[in-house]
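Order of the sequence lines fixes the chain letters, A, B, ..., with proteins taken first and strands second; residue numbering starts at 1 for each chain. Heavy atoms only: backbone and side chains are in, while hydrogens, waters and symmetry mates are out.
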Amino acid sequence: KEVFIRLYQEGLIYRWDYIINWCPRCKTALSDLEVEYEQIFVKFYYLKYPLKESDRFITVATTRPETMLGDTAVAVHPEDERYQDVVGKRILLPIVQREIPVIADPFVDMTFGTGCLKITPAHDFNDFEIGLKHHLEQIRVIDDAGRMNKNAGPYHGMDRFECRNQIVEDFKRDGVLAKIEDYRHMVGHCYRCKTIVEPTLSLQWFVKTKPLAQHAIRAVQEGRTRIIPSVWEKTYFEWMENIKDWCISRQIWWGHRIPAWYCDSCGQTIVSKETPPSCHSCHSNRLTPETDVLDTWFSSALWPFSTMGWPKETKLLKRFYPTSVLVTGFDILFFWVARMMMMGLKFMNDVPFKDVYIHGLVRDEKGEKYSKTRGNVVDPIDLIDRFGADTLRFTLAALTMPGSDLKLSESRTEGYRHFANKIWNASRFALMNLNDLHPKTMVIHLSPEAFSLPDRWIRGRLNHTIREVKRSLENYKFHEATHLLYQFIWHEFCDWYLEMIKLFLYQEGDKQMKELTQQTLLEVLESILKLLHPFMPFITEEIYQHLPSQKDHESIMISKFPEPDPDYDDEEIEDEMNLVIEVISALRNIRGEMNLPPGQQIIGLFRTMEKELEQKLRRNQSFIRSLAQVKELKIGKEMERPLYGAFVGVREIEVFVPLERSHMEEEVKRLQKEIIRIEKESSLLKKKLSNEQFLSKAPPEIVQEVKEKALAFQNQQERLEESLNKIKRILG
RNA sequence: GGGCGGAUAGCUCAGUUGGGAGAGCGCCGGCCUUACAAGCCGGAGGUCGCAGGUUCAAUCCCUGCUUCGCCUACCA
């Protein structure tokens, strides 16, 4: 009421006989946004109107012949040579026998139809405007229920579509129907009941939106409100700049009643918060209250401040206006966001929110928008039953790409259910191995050097993950955050870290090393759970409560979000770990390609001239042995290549695996495949390096990088070929 | 009619200061290895829609075209 009255007093709300979209079934006015346009196939009728005092006819074309009963003119283009002589003449409208003028208006498209446009000001938007311009009479022929009214003469009481058929029949009978064509066009339907809407002249309440929109435009231009992703800004501006006055009255029985009364004696309109005792101007006490209610979006537009106690200056209002972010779908950018902007700026003198995050819509498998009416909605409860609430939440976050819709994919959902399961199992493994850990004895501050390679590595990777996840969240890139977490948890934490630390956890040897490992395991798992918690609230809370570090059972959701620990940003450790991973992968590759089952133990021979690499290999022998299932490792400068064996190059290391003679055929194939791959890469780089332009114009660090790569590839290729030749010689 | 977005592996889609082509699912081969077979290990698979242009260098920037989709509109 407060808002309505203030706007009314400022002249921003007015009541006017205007052309609006009307739903004859719901019997209410509809705003532009409540009308859905849909393509339908109809007939295009050519009607012959007789010119008065002449035997000529003017032919007009229409898809709605029943509206001819309300015609008050026929318009032609002022420059249309075909009709120069008839402008100003009069037409005797068939059936109702009304005299109407032929007028000239540049709005008419000479190339469309016959170039003659019938004008029905009371039942067409354009005709209404033309009617105002030419002071034409407005004659309603269709009533609020979609029936022909008394102005329709013989058709009075007929349904509008029934009347359409009858009029066509009558025109045919009278020989004034020129022709009928098939035609398809967009027709407005009521968004609620899907009935074809009827543009109708009607007395309604309107808000003058132009003055409100100006401020809303400027707020976004000046960045006081950011729309994310920014592509939607353009849509927002487009709409705001072309905004039309907003019809806010609805003839339905639910909603806020418009606070207005009409004096039965003098016709005065009274807008007031309370029921007025009498008319302000004639003092009559015979007042009729307005029965129209407000468009639901009118009240929704007030949400950011009316929910905080406005118009009182409450603490809540001070604290929560403006809010930081509004998250919503683009489909209500205009319905709601734009209106909240306008009302917020008007009544609070400030934007209602700093950021508007526009996400896509979840669509069905065919990519169609969910619709309550069509019933193609996927029930989230059903998905939760089948996949789990955490899985669904994570999946939605992962599939949400800013600026585009998502088709809910069941295979992706299933993949993330596996991920949730993986987390569960990994945590079970961790908890099993932490049950003898007493947090009290945990060493709080130890230098990184005290920890094992995998410990230092995983903490470094955790740092990286924390930073990237935070960055993604700050930029509303939820899919990036989920991908980062998936990758880190599954492929770094589970695949490598957990596998490697089994050495320390299972072996009853170095007790201190075991405790340090347990400490890292606990801390990293705890961080993982916290990072994951926004995406998988239930499983993370459940596991978190079982961690030995959580004795007071506070919820994970109020725990501190993880921060990176710079002590563990260590490139050398990362590099050493990568070497270990590369070596293990190389051995696994041989095993896989040679079809050697894991049960079959192999021996690894490592030849390298570089002291540092040799040391690193020696340091990490136990990891290599355990993860690559190698029973014996031999490392050194003078390592002989075995007579029958597979070869893989890792950096400056030659890795050999002794095999049987019978494997050699397979090895030849493997080497050839590898050589082809390397050659392809290598030739591309060589081509680059032989290009003078590249050498002189590309940034030096890029050139250097390419040179190094080319050299490495060449080395690799030579050794592969050497290996291949040796085998060929042996095999004869 | 106007505007916007997409076209990348068999499918669904990621990929911005231009230099490495990627993920999930599916597919092929090998494994019940004491957290997990809803799993582990290895592997195959792509002139990044087409044609030009800019650049030493284009999936990425520019132009045109083909094609799919969305929003929007006052051709009666």
| task | For the residue pair A:Trp239 and A:Phe334, categorise the inter-ring angle as parallel (less than 30°), tilted (30 to 60°) or perpendicular (more than 60°). | result | parallel
| Position toward the 5' end of RNA chain B (nearest nucleotide), A:Lys709 or A:Met186 | A:Lys709
| remark: Contacts of A:Arg428 and A:Phe334 projected onto RNA chain B by closest heavy atom; the upstream (5') one is A:Arg428
| Span that lies between the P atom of B:G42 and that of B:U67, in whole angstrom | 45 Å
| message | B:C40, OP1 or OP2 - any side-chain N/O from A:Trp490 closer than 4.0 Å? | response | yes
| message | If a pair means Watson-Crick or G-U wobble with both distances below 3.5 Å, what does RNA chain B look like in dot-bracket form, with | marking bases paired to a different strand? | response | (((((((..((((.....[..)))).(((((.......))))).....(((((..]....))))))))))))....
| query | Between B:G30 atom P and A:Ile590 atom CD1, what is the distance in whole Å? | reply | 20 Å
| task | Could you tell me whether the phosphate oxygens of B:A35, OP1 or OP2, come under 4.0 Å of any side-chain nitrogen or oxygen in A:Lys502? | result | yes
| said: Is the phosphate of B:G15 approached by A:His479 (side-chain N or O, under 4.0 Å from OP1 or OP2)? | reply: yes
| said: Centroid separation under 6.0 Å, is that true for the rings of A:Phe488 and A:Tyr486? | reply: no
| query | Could you state the CZ-P distance from A:Phe112 to B:A76, rounded to the nearest angstrom? | reply | 5 Å
| request: Determine the interplanar angle of the A:Phe535 and A:Phe394 rings, folded into 0 to 90°, and report it as parallel if under 30°, tilted if 30 to 60°, perpendicular if over 60°. | output: perpendicular
| When the ring centroid of A:Tyr183 is compared with that of A:His185, is the distance short of 6.0 Å? | yes
| said: Say we look at B:G5 and B:A37: how far apart would their P atoms be, to the nearest angstrom? | reply: 47 Å
| request: May I ask you to check whether over 12 heavy atoms, not counting those of A:Lys707, lie within 6.0 Å of atom NZ? | output: no
| said: Does B:A57 have its OP1 or OP2 closer than 4.0 Å to a side-chain nitrogen or oxygen of A:Asn691? | reply: no
| field | Cationic tip of A:Lys48 above A:Phe57 ring, under 6.0 Å, 45° of axis | value | yes
| Quantified in whole Å, what is the C1' atom distance between nucleotide B:G39 and nucleotide B:G46? | 29 Å
| Atom NE2 of A:His418 to atom P of B:G39: distance rounded to whole Å? | 5 Å
| remark: Whole-Å distance, A:Leu431 CG to B:U34 P, equals 20 Å
| message | Between A:Glu593 and A:Lys669, does the salt bridge (Lys or Arg N to Asp or Glu O under 4.0 Å) criterion hold? Intermediate values first, please. | response | CA-CA 10 Å; A:Glu593 297 271 298; A:Lys669 273 195 239 163; over 6 Å; no
| Expressed in whole Å, how much space separates the P atoms belonging to B:C60 and B:G6? | 13 Å
| message | For the P atoms, the ones on B:C27 and on B:U16, what distance do you get once it is rounded to whole angstrom? | response | 31 Å
| query | Under 4.0 Å: is that the gap between some side-chain N or O of A:Lys422 and OP1 or OP2 of B:C40? | reply | yes
| Phosphate OP1/OP2 of B:A35 contacted by A:Tyr506 side-chain N/O (<4.0 Å) | yes
| said: Heavy atoms only, 4.0 Å cut-off, all strands: where does A:His491 land among base, sugar-phosphate and nothing? | reply: sugar-phosphate
| request: Would you indicate what A:Tyr416 reaches in the nucleic acid, counting non-hydrogen atoms under 4.0 angstrom: base, sugar-phosphate, or nothing? | output: nothing
| task | Determine, for A:Phe713 and A:Lys680, whether the Lys NZ or Arg CZ falls below 6.0 Å from the six-membered ring centre while staying within 45 degrees of the axis. | result | no
| What interatomic distance, in whole Å, is found between P of B:C41 and the corresponding atom of B:G49? | 33 Å
| Atom-pair distance (CZ on A:Phe429; P on B:C40), nearest Å | 14 Å
| message | What is the separation between atom CZ on A:Phe694 and atom P on B:A57, rounded to the nearest whole Å? | response | 11 Å
| query | Atom CG of A:Leu684 and atom C1' of B:A21: how far apart are they, to the nearest Å? | reply | 13 Å
| message | Of the options B:A76, B:G42, B:C74, whose atoms approach the side-chain atoms of A:His185 most closely? | response | B:A76
| message | Just N and O in the side chain of A:His77: are any of them under 4.0 Å from OP1 or OP2 of B:C75? | response | no
| task | Could you work out the separation of B:A9 and B:G15 based on their P atoms and round it to a whole Å? | result | 15 Å
| field | Lys/Arg-Asp/Glu bridge criterion (N-O < 4.0 Å) met for A:Arg164, A:Glu66 | value | yes
| field | Distance-only donor-acceptor test, A:Glu238 side-chain atoms vs B:A73 base atoms, 3.5 Å | value | no
| said: Work out how far the P atom of B:G18 is from that of B:U59, and round it to whole angstrom. | reply: 14 Å
| said: Output the rounded distance in Å from CD (A:Glu480) to C1' (B:U16). | reply: 11 Å
| said: Please pick, from B:G19, B:A38, B:A76, the nucleotide with the shortest atom-to-atom distance to any side-chain atom of A:Asn421. | reply: B:A38
